[in-house]
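Reviewing the structure listed below.
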Amino acid sequence: LADMLKTDENVNKEPPHLSHYREVPSDVTTAYDLIQQGAQMIHGTATKYTLVGKIDETEQKKLGADLLSGCELMASATLALLQDSSGCSRAVRRSAQRATLAIILTVIQLAAAFSDHTALEENIGAQKTGAVWETCDKILNRLVPQGNRNAIRRDIFTWTRETNDSMEEFQVMIDRGSNDDGAIGEELDDLFGEEDDQYSEHELPIAKAALGILKCSRGTMKLTLEACEALGTKHAETHEQVILDQLLTVISNAKAVGEGVTDLGSLMYPPILPNNGDLESQTQKQVEAIITLLDIV
């Protein structure tokens, strides 16, 4: 089951068409209900499995079968969400796959601890059980976004947060000035760290320009969120498929901008001269992604 969820190529793909945005269709709701039931079954069984395992291996195997049933239930429901016919976005697919896979992996680790008897050492068994509980709680407490709108918004907020983090980090470095500022630079080095954490006089304008691209990227995330909400409202009124197709196009291109921030940020650390060809290439790629998204919106 774990290998199936890890290798399913649909996890990272957008569907040909979305089937919903604000309203969640019954088949998708049923899949979420089954994932919830599986998580409940695993959460309730894990404690019994651990306690009984210290006393009676035969009875423990019966409980192990219940753990397996819970995993199978969740994996089957998740597999249904991964199909194009579900009309679920990449955001839905990834969030469901990650949550289910995390539970299955912790169950495997729990069973393995009893298989090699390490679970009986100190409190290893309890720790493995706690890990199962923690992964189940994410589903039981409804921390996994359900439906296209919630999952897509979660992705946009994640990209925005990561962009903000990158902007803050590089703004601090730029505010320190260049390492060619003589005594001031040395004083800042003593205060903040090594000289390698500062840009040179020639690198500083490049870093400022790249930071400007990050700021533009953040702006497109806000625009994307507003565009999706506007399209979602329009679809609720008209139920026209073309609107969902437009929404899918917006999201697919927003992904290129959001994930491009990480690639750009990784190349902005000093020193960026003289080998700044990669930064130049990634900057151009990010600018093209931003312009494409703006044109679509």
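Because the structure is predicted, anything quoted here is derived from the model rather than measured.
Side-chain atoms of N123 do not come within 3.5 Å of backbone N or O of A126 as any donor-acceptor pair. Within the 3.5 Å criterion, the main-chain N or O of L143 finds no donor-acceptor partner in the side chain of N141. Side chain of Y199 to main chain of I206: no donor-acceptor pair is present (N/O by atom type, distance under 3.5 Å, no hydrogens or angles). Looking at T135, its side chain does come within 3.5 Å of a backbone N or O of V132 through a donor-acceptor pair. The backbone N or O of T220 sits less than 3.5 Å from a side-chain atom of T224, completing a donor-acceptor pair. The main-chain N or O of L82 is never found under 3.5 Å from a side-chain atom of S86 such that the two would form a donor-acceptor pair. Under the 3.5 Å distance criterion, the side-chain polar atoms of T106 are matched with a main-chain donor or acceptor of I103. A donor-acceptor pair is defined here as one N or O able to donate and one able to accept, closer than 3.5 Å; such a pair exists between the side chain of S266 and the backbone of D263. Side-chain atoms of D8 never come within 3.5 Å of backbone atoms of M4 as a donor-acceptor pair (strictly under, hydrogens ignored). Between the side chain of Q198 and the backbone N or O of S178, at least one donor-acceptor pair lies under 3.5 Å.
The side-chain contact (heavy atoms from CB on, under 4.5 Å) test with I152 singles out one residue from L247, L225, L248, and that residue is L247. For the pairing with Y21, the side chain to side chain donor-acceptor pair (under 3.5 Å) check across K234, H235, E229 returns one residue only, E229.
Considering only residues two or more places apart in sequence or on other chains, R142 meets the side chain to side chain donor-acceptor pair (under 3.5 Å) condition with none of them. For E240, the side chain to side chain contact (heavy atoms under 4.5 Å, CB included) partners two or more places apart in sequence, or in a different chain, are T238, V242, I243. Residues satisfying the side chain to side chain contact (heavy atoms under 4.5 Å, CB included) test with A111, not counting sequence neighbours, are Y49. When the side chain to side chain donor-acceptor pair (under 3.5 Å) test is applied to H20, the partners found at least two apart in sequence or on another chain are N148. K61 is linked by a salt bridge (charged side-chain N to carboxylate O under 4.0 Å, His left out) to nothing, counting only residues two or more places apart in sequence or in another chain. Listed by chain and residue number, Q286 satisfy the side chain to side chain donor-acceptor pair (under 3.5 Å) test with S217 (two or more places apart in sequence, or in another chain). E162 is linked by a side chain to side chain donor-acceptor pair (under 3.5 Å) to nothing, counting only residues two or more places apart in sequence or in another chain.
Scanning both residues, L110 and G125, for their nearest heavy atoms gives CD1-O, 4.1 Å. Across all non-hydrogen atoms, the minimal contact from C228 to V250 is SG-CG1, 4.4 Å. When all heavy atoms are compared, the tightest approach of M268 to A207 is CE-O, 4.0 Å. Considering every non-hydrogen atom in both A77 and L34, the closest pair reads CB-CB, 3.8 Å. The shortest heavy-atom contact between E14 and S252 is CG-OG, 3.6 Å. Closest approach of I139 and A39 over heavy atoms only: CG2-CB, 4.0 Å.
Remark: L73 CG to T78 OG1 distance equals 9.0 Å, nearest 0.5 Å. Rounded to the nearest 0.5 Å, atoms OG1 (T45) and CG (D66) are 5.0 Å apart. Within the model, atoms CZ of R176 and CG of L204 stand 11.5 Å from one another, a figure rounded to the nearest 0.5 Å. A distance of 10.0 Å separates OG in S166 from CG in L211, rounded to the nearest 0.5 Å. The line from CG of L267 to OG1 of T283 is 8.0 Å long, rounded to the nearest 0.5 Å. Rounding to the nearest 0.5 angstrom, the gap separating the CE atom in M167 from the CG atom in L214 is 7.0 Å.
There is no side-chain donor-acceptor pair under 3.5 Å between N164 and E168. Between the side chains of N150 and Q146, no donor N or O sits under 3.5 Å from an acceptor N or O.
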*Is there a side chain to side chain donor-acceptor pair (under 3.5 Å) between D175 and Q171 once you walk through the steps?*
CA-CA 6 Å; D175 288 345; Q171 186 66 64; 2.9 Å; yes

*asked:* Applying side chain to side chain contact (heavy atoms under 4.5 Å, CB included) to R22 and T233, what does each step give before you reach the verdict?
replied: CA-CA 8 Å; R22 291 183 180 276; T233 299; 3.0 Å; yes

*Given side chain to side chain contact (heavy atoms under 4.5 Å, CB included), test D165 with E169 step by step and report yes or no.*
CA-CA 6 Å; D165 291 344; E169 179 180 6; over 6 Å; no

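Applying the salt bridge (charged side-chain N to carboxylate O under 4.0 Å, His left out) test to every pair with at least one member in residues 277-297, sequence neighbours left out, gives no pairs at all. Legend: salt bridge (charged side-chain N to carboxylate O under 4.0 Å, His left out) pairs involving residues 28-41, not counting sequence neighbours: none detected. The salt bridge (charged side-chain N to carboxylate O under 4.0 Å, His left out) analysis of residues 80-93, with sequence neighbours excluded, yields the pairs D84-R93, R90-D155, R90-E259. Under the ring-ring contact (aromatic ring centres under 6.0 Å, His included) criterion, the residue pairs touching residues 125-144 are H43-W133, with sequence neighbours excluded. Among pairs with a residue in residues 99-120, none fulfils salt bridge (charged side-chain N to carboxylate O under 4.0 Å, His left out), at least two apart in sequence or across chains.
There is a path of hydrophobic side-chain contacts, each under 4.5 Å, that joins L244 to L231. Under the 4.5 Å side-chain contact rule for hydrophobic residues, M74 and L63 share a cluster. Put simply, V287 and L223 are part of the same group of oily side chains (I, L, V, M, F, W, Y) that touch within less than 4.5 Å, one to the next. Side-chain heavy atoms closer than 4.5 Å link hydrophobic residues (I, L, V, M, F, W, Y) into clusters, and following such links, even through other members, never connects L51 to M41. The same ILVMFWY cluster, assembled from side-chain heavy atoms under 4.5 Å apart, contains both L279 and I290.
In this structure, V28 and C88 have side chains that are in contact, with non-hydrogen atoms separated by less than 4.5 Å. For the pair K6/L101, a side-chain contact is recorded, criterion being any heavy-atom separation below 4.5 Å from C-beta on. Residues P145 and R153 have side chains not in contact (no heavy-atom distance under 4.5 Å, counting atoms from C-beta outward). Two residues are said to be in side-chain contact when any heavy atoms from C-beta on lie closer than 4.5 Å; V11 and L5 fail this criterion. T160 places none of its side-chain heavy atoms less than 4.5 Å from the side chain of K222.
For E134, the CD atom is loosely surrounded, since the number of other residues' heavy atoms within 6.0 Å does not exceed 12.
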